[in-house]
> 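First, the structure itself, so that you have it in front of you.
Not measured: the values here are computed from a predicted model.
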Amino acid sequence: TFPMKLWLLVNSPCVHSVRWDARGEGLFIDQGLFEQELLGVGPGAAGEEEFFKTKNFGSIVRQLNLYGFHKLTVSPASSAAGSRPTSSTGGGDTRYSDGPLHHFWNPHFRYDRPDLLVKIKRLTKANKEKLDAGLEVTSRLPDDFQ
């Protein structure tokens, strides 16, 4: 699922375009780097575009919105502090200036709580009606993630 892919990306030491914010409660996406690294766009593209089956960053933002992620304003202070909540690698690589930096938040997407991923549901018409009625909407985690 899309939230699971995001979780794997933000926790991967090999991915530099997606990272946790300082509190581990939201994620920063460096658009320029993301397009190169994961959408296979531009110079130095790794050709890994199959990961999301799109080359359009706008489609990724639409997916984030569909799964209930909210865009937050990026303040210079918050973006400077963000890397990974755990200790950073010795190299201290801070190349995050390739493009606009986007900050997204979802109450169920947290650094220390992979168990909450089941609560992130695609906002279909049926799910939206359930949420509006105050009912809980959940999905099952893949067996290998329990």
> Side-chain contact, heavy-atom cut-off 4.5 Å: L123 with Y67?
no
> Between R23 and D21, does at least one N-O distance fall below 4.0 Å, as a salt bridge requires?
no
> Closest heavy-atom contact between W105 and E25?
CD1-O, 2.8 Å
> So, for T54 and S59, which heavy atoms are closest and what is the spacing to 0.1 Å?
OG1-OG, 3.6 Å
> Please report the interatomic distance NE2(H16) to CD(Q36), rounded to the nearest 0.5 Å.
12.0 Å
> For residues V41 and V61: do they belong to one hydrophobic cluster (side chain heavy atoms under 4.5 Å, members Ile, Leu, Val, Met, Phe, Trp, Tyr)?
yes
> Measure centre to centre between the rings of W7 and W20, then say whether the value is under 6.0 Å.
yes
> Indicate whether any N or O donor in one side chain lies under 3.5 Å from an N or O acceptor in the other, for Q31 and H102.
yes
> Show the nearest heavy-atom pair for residues F28 and H103, with the distance to one decimal.
CE2-CG, 3.5 Å
> With rounding to the nearest 0.5 Å, note down the distance linking NE2 in H108 to NZ in K121.
12.0 Å
> Do you know the tightest heavy-atom contact between I120 and P3?
CG2-CG, 3.5 Å
> Nearest 0.5 Å, what's the CZ-CG distance between F2 and L64?
4.0 Å
> Before you tell me yes or no, could you show the steps for Y111 and V10 under side chain to side chain contact (heavy atoms under 4.5 Å, CB included), namely the whole-Å CA-CA distance, both residues' side-chain angles and the distance that decides it to 0.1 Å?
CA-CA 9 Å; Y111 176 74; V10 75; over 6 Å; no
> Spell out, yes or no, whether V18 and L116 are grouped together once hydrophobic residues are joined by side-chain heavy atoms under 4.5 Å, including indirect joins.
no
> Got a second to check how far C14's SG is from L9's CG, nearest 0.5 Å?
10.5 Å
> What is the minimum heavy-atom distance between R122 and L66, and which atoms define it?
NH2-CD1, 3.2 Å
> Evaluate the side chain to side chain contact (heavy atoms under 4.5 Å, CB included) criterion for residues L101 and I29: first the C-alpha distance (whole Å), next the side-chain angles of each, then the deciding distance (0.1 Å), finally the verdict.
CA-CA 6 Å; L101 196 62; I29 300 177; over 6 Å; no
> Take L72 and F104, measure what side chain to side chain contact (heavy atoms under 4.5 Å, CB included) needs, and give me the verdict at the end.
CA-CA 6 Å; L72 305 174; F104 288 96; over 6 Å; no
> Dump the intermediate steps for side chain to side chain contact (heavy atoms under 4.5 Å, CB included) on L117 and M4, then the final yes or no.
CA-CA 7 Å; L117 288 173; M4 181 64 68; 4.2 Å; yes
> Looking at F34 versus F52, is the centre-to-centre ring distance below 6.0 Å?
yes
> With no hydrogens and no angle check, is any side-chain donor or acceptor of E37 less than 3.5 Å from a backbone partner on S17?
yes
> Is I60 close to L39 at the side-chain level, that is, under 4.5 Å between some pair of heavy atoms?
yes
